[in-house]
Amino acid sequence: DWRKLVIFAPWNNDWGDDSVPSFFAQVMAIEKKTIEDLVAKFTEGTDMFLVSLSISPANVIVVEMDADTSVDIDTCVNLSNFIESNLDRDKEDFELTVMSVSLSEPFKVRRQYEKNKGKMVTVTTAARKYLGELLEVTDESVTVRHKDIVKVPPKNKKKEMEFETVIPFADIQKTECVLQFKYKLI
């Protein structure tokens, strides 16, 4: 599968054919499966996992990683070197970025939900936003323990109550981890 780079002006040659001069480079498209396989090989036996992978038509590769523990800069550098050493720059010109997922980014894969069980999250659906503890993750849904203010009969007094709500993945628009900082007053 060969793709031609952008040609900046229409090409009309004097030979009457459609041949393109050799100074227009051709770039071989890097297959997503190739990078996925390399990442899988590198992460085998670790708690790391692929969160997202994108490859542009110009072979700009962006790999986002996460782990049940953490992904440090050295791990990103090692993965980048591993991927680069398994690709041939003479055949495939590319730009490669390997990074860990930001704590402020929404979850992209189910494994991020598993990793964050027991932590505070915000889950946004079309109907509402839930702020609470992520209790359970199944193939179809998540369960969040959250508090709401409800009116309690007979006088319709407002009272804070705790609920456990099952939210299907199909209804989730966005889930984010809530960053909590522990600090000590001096």
Min side-chain heavy-atom separation Glu176-Pro106 under 4.5 Å: yes
Paired with Glu162, the side chain to side chain contact (heavy atoms under 4.5 Å, CB included) test is passed by just one of Glu133, His146, Arg145, namely Arg145
From CG (Asp66) to CE (Met48), nearest 0.5 Å: 10.5 Å
Quick one: does Ser85's side chain have a donor or acceptor within less than 3.5 Å of a partner on Asn81's backbone? yes
Min side-chain heavy-atom separation Ser100-Met65 under 4.5 Å: no
How about Ile61 and Ser54: do any of their side-chain heavy atoms sit closer than 4.5 Å? no
For Ala67, is there any backbone N or O sitting under 3.5 Å from a side-chain donor or acceptor partner on Lys115? yes
May I ask you to check whether over 12 heavy atoms, not counting those of Ile149, lie within 6.0 Å of atom CD1? yes
Donor-acceptor check, side chain of Asp148 to backbone of Val150, threshold 3.5 angstrom: yes or no? no
Atom pair CG (Leu87) and CG (Leu38), whose distance is rounded to the nearest 0.5 Å: 6.0 Å
Heavy-atom check, side chain of Thr138 versus side chain of Glu136, under 4.5 Å: yes
Please tell me if the side chains of Leu53 and Val39 come closer than 4.5 Å, counting only heavy atoms from C-beta onward. no
Ignoring hydrogens and geometry beyond distance, is a side-chain donor-acceptor pair present between Thr125 and Asp171 at under 3.5 Å? no
Rounded distance [0.5 Å steps], CD in Gln112 versus CD in Glu105: 9.5 Å
Is the count of non-hydrogen atoms from other residues, nucleotides or ligands lying under 6.0 Å from Glu160 atom CD greater than 12? yes
Minimum side-chain heavy-atom gap Ile167-Ile172 below 4.5 Å: yes
Does Thr124 reach the side chain of Thr175, with side-chain heavy atoms less than 4.5 Å apart? no
Taking atom types as modelled, find out whether Asp37 and Thr34 have a side-chain donor-acceptor pair closer than 3.5 angstrom. no
Salt-bridge present (Glu114, Lys117; N to O < 4.0 Å): yes
To check you understand the geometry: which heavy-atom pair defines the closest contact between Leu50 and Glu36, and what is its length? CD2-CG, 4.2 Å
Steps toward side chain to side chain contact (heavy atoms under 4.5 Å, CB included) verdict (Val137, Arg110): CA-CA 8 Å; Val137 180; Arg110 185 179 179 278; 3.9 Å; yes
With side chain to side chain contact (heavy atoms under 4.5 Å, CB included) as the criterion, how do Asp68 and Phe49 come out once you've worked through the C-alpha distance, each side chain's angles and the decisive distance to 0.1 Å? CA-CA 8 Å; Asp68 296 329; Phe49 55 94; 3.8 Å; yes
How are the rings of Tyr113 and Phe107 set relative to one another: parallel (under 30°), tilted (30 to 60°) or perpendicular (over 60°)? perpendicular
